[in-house]
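Below: one structure, written as structure tokens.
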Amino acid sequence: MSFPLLTATAALPAIGAVATAAVPAARRTTAKWLALLFSLATLVLAGIALARFEPGGDRFQLTESHAWIKDFGVRYELGVDGIGVALMALTALLIPFVILAGWHDADPLETNSSRWRPTQGFFALILMVEAMVILSFEATDVFLFYILFEAMLIPMYFLIGGFGDRAHTGSDENAAAQRSYAAVKFLLYNLVGGLIMLAAVIGLYVVAGSFSLSEIAEARANGTFSMATGTERWLFLGFFFAFAVKAPLWPLHTWLPNAMGEATAPVAVLITAVVDKVGTFAMLRFCLQLFPEASKWATPVILVLALISIVYGALLAVGQRDIKRLIAYASISHFGFIILGIFAMTSQGQSGATLYMVNHGISTAALMLVAGFLISRRGSRLIADYGGVQKVAPVLAGTFLIGGLATLSLPGLAPFVSEFLVLVGAFAAYPAVGIIATTGIVLAAIYVLVLYQRTMTGPVKAEVQGMADLKARELVVVVPLIALLLFLGVYPKPLTDIVNPAVRHTMSDVQKKDPQPEVEAAK
């Protein structure tokens, strides 16, 4: 029996979470290093999985299958296609940076104080989220995926509500109330989506007799299984609603600005760069594969919602006064682009959407973590409290600028390739949709450049006069992310080679072909 690499990649951070939580309370530094070592070991395993993946091979590779709940047909089935392995690698890559960036976020508020922020719990929860997210990218059993989809809400709830941002303008009581509100809102929105999905999961089992993607695909190919049109549409809506909440798609997005605003910067990265990707990934993995006809039926409405997300999120980002909420609304706009690419039903659009998931994770991590370093120095999230930072902390300002330019998809940085492919794919199938979506690019340039101008340029405000530049630990966090943005911006081929075969399989699932350009006959 071959080594269960996928199971090991997900199990290692879970073991690390337990080990970190068990470290004695007084040994906070030991807990931090232990969490970091487990995250790095997970990255090594994810790298091995990525290296062993053969882009031209079977659709699902490194597969594992074991009986789990026999009476209900539930199996422990794992496998990764190009999309899943890319997102698994992204998750494993980002977690060590999240841990390093949050090195002091759960330290005691005062030396020798009775008020205690459980450092061990903070890092254990991060590792537990990593384990569940990685396993969700590997799961090919619908019921197993559903359990992970819901279970990851629990550690995220405690990370948002229990370890909030210290840069709060109100009293401690008000800050605690805001954190609690954000955490509960996050939990309720996603629980409602999950409960609706549960009904659809049960319905799928009733009509298909299995939770296994491979068994359902084989039965469909053999002609022994088909769904009535109405049944397929209802089941699709149940799945899509839950994924749209997680993504998040307008109008189900309102939990995200609260959660990202009240969470620490590393946890905000965990939300938008890691956990939210499960929603868009699941649209490709489950909605399009299980319900191809319903996916095409719902496409016009979903494209309209994606366009609203793009423009609405960008417009609200332009008007924000809070740095972290601005990045949150920018992410809503970016997720609109991802969903647009998925449901444009073209190979360019879906390849761009997958690249966007990876590149958005890297660019948002870079921007949000540098913003977190900035906020921790000044103690305020308000844009108006800054000015002239580039004169006192040029490295911080420079990395902030690169992260911002990646967010607005500047050519030469990784997100540009993604956004370009999404727009090309959308325009090829729906020209009007592609044209409207380009307004998001213009608005992104406005909110990013205005943010930089108001915080980094101009006269140096007295409150930032003595601001320190990035330290060694912070540079270790930011520099690799910027290097990746530059590398994938000029040479995205390693990533496209991995995801394109999976995109072709998805296009085959929905029986769609790329529209051919119209060429006028020579006169």
Side-chain angles (χ1 to χ4, degrees), residues 90 93-94 97 269 272-273 309-311 313-318 320 323 326-338 340-341 348-349 351-371 373-374 383 389-390 394-427 434-457 470 477-496:
L90 170 70
L93 172 71
L94 291 180
F97 298 125
V269 170
T272 191
S309 288
I310 291 169
V311 178
L315 283 173
L316 264 66
V318 171
Q320 286 302 304
I323 296 173
L326 184 151
I327 299 173
Y329 280 109
S331 291
I332 292 170
S333 181
H334 296 149
F335 275 104
F337 276 107
I338 294 171
L340 174 64
Q348 299 98 328
S351 293
T354 304
L355 293 179
Y356 217 134
M357 285 188 248
V358 176
N359 294 332
H360 171 265
I362 300 170
S363 62
T364 299
L367 181 60
M368 177 60 83
L369 293 178
V370 176
F373 299 148
L374 176 69
I383 296 172
V389 173
Q390 67 180 12
V395 177
L396 189 156
T399 53
F400 189 83
L401 178 61
I402 295 174
L405 293 176
T407 298
L408 64 82
S409 299
L410 183 77
L413 296 173
F416 169 76
V417 180
S418 318
E419 203 161 275
F420 178 77
L421 285 173
V422 167
L423 291 172
V424 168
F427 188 84
I435 292 170
I436 296 171
T438 57
T439 60
I441 301 175
V442 178
L443 293 171
I446 294 173
Y447 62 70
V448 168
L449 296 178
V450 169
L451 172 64
Y452 184 84
Q453 183 265 328
R454 292 181 178 175
T455 55
M456 302 296 167
T457 66
L470 293 183
V477 171
V478 176
V479 171
L481 295 175
I482 291 176
L484 271 174
L485 290 173
L486 292 169
F487 175 76
L488 293 176
V490 298
Y491 189 62
K493 187 176 183 296
L495 194 52
T496 58

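If you're wondering where the values come from, they're calculated on a predicted model, not measured in any experiment.
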For [X], give me all partners under side chain to side chain contact (heavy atoms under 4.5 Å, CB included), at least two apart in sequence or on another chain.
X	value
Ile482	Thr399, Ile402, Val478, Leu486
Val269	Val98, Ala273, Ala365, Met368, Leu369
Ser363	Ala406, Pro415, Leu485

| request: List for me each residue that meets side chain to side chain donor-acceptor pair (under 3.5 Å) alongside Ser333, sequence neighbours excluded, and say none if there are none. | output: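 Scan of Ser333 (side chain to side chain donor-acceptor pair (under 3.5 Å), adjacent residues dropped) gives none.
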
| Yes or no on side-chain contact (heavy atoms from CB on, under 4.5 Å) for Leu315 and Tyr329, after CA distance, side-chain angles and deciding distance? | CA-CA 8 Å; Leu315 283 173; Tyr329 280 109; over 6 Å; no

| message | How long is the straight-line distance from CZ of Phe335 back to CE of Met357, given to the nearest 0.5 Å? | response |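 Separation between the atoms: 9.0 Å.
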
Minimum heavy-atom separation for [X] to [Y], with atom names?
X	Y	answer
Val422	Gly349	CG2-O, 4.0 Å
Pro411	Phe416	CA-CG, 3.6 Å
Met456	Ala397	SD-CB, 3.7 Å

| Neighbour count >12 (heavy atoms, 6.0 Å) for atom OH, Tyr452 |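 Yes, enclosed.
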
| said: A quick test of your reading: do over 12 heavy atoms of other residues, nucleotides or ligands sit less than 6.0 Å from CZ of Phe97? | reply: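 Enclosed.
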
Atom pairs and distances, donor-acceptor, side-chain atoms in residues 435-451, under 3.5 Å, two or more places apart:
| from | atom 1 | to | atom 2 | distance (Å) |
| --- | --- | --- | --- | --- |
| Thr438 | OG1 | Ile435 | O | 2.4 |
| Thr439 | OG1 | Ile436 | O | 2.6 |

| request: Determine which pairs satisfy side-chain hydrogen bond (donor to acceptor under 3.5 Å, both in side chains) with at least one residue from residues 407-425, sequence neighbours left out, and list them in order. | output: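 side-chain hydrogen bond (donor to acceptor under 3.5 Å, both in side chains) check on residues 407-425 returns Tyr356-Glu419, Asn359-Ser418, Ser409-Glu419.
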
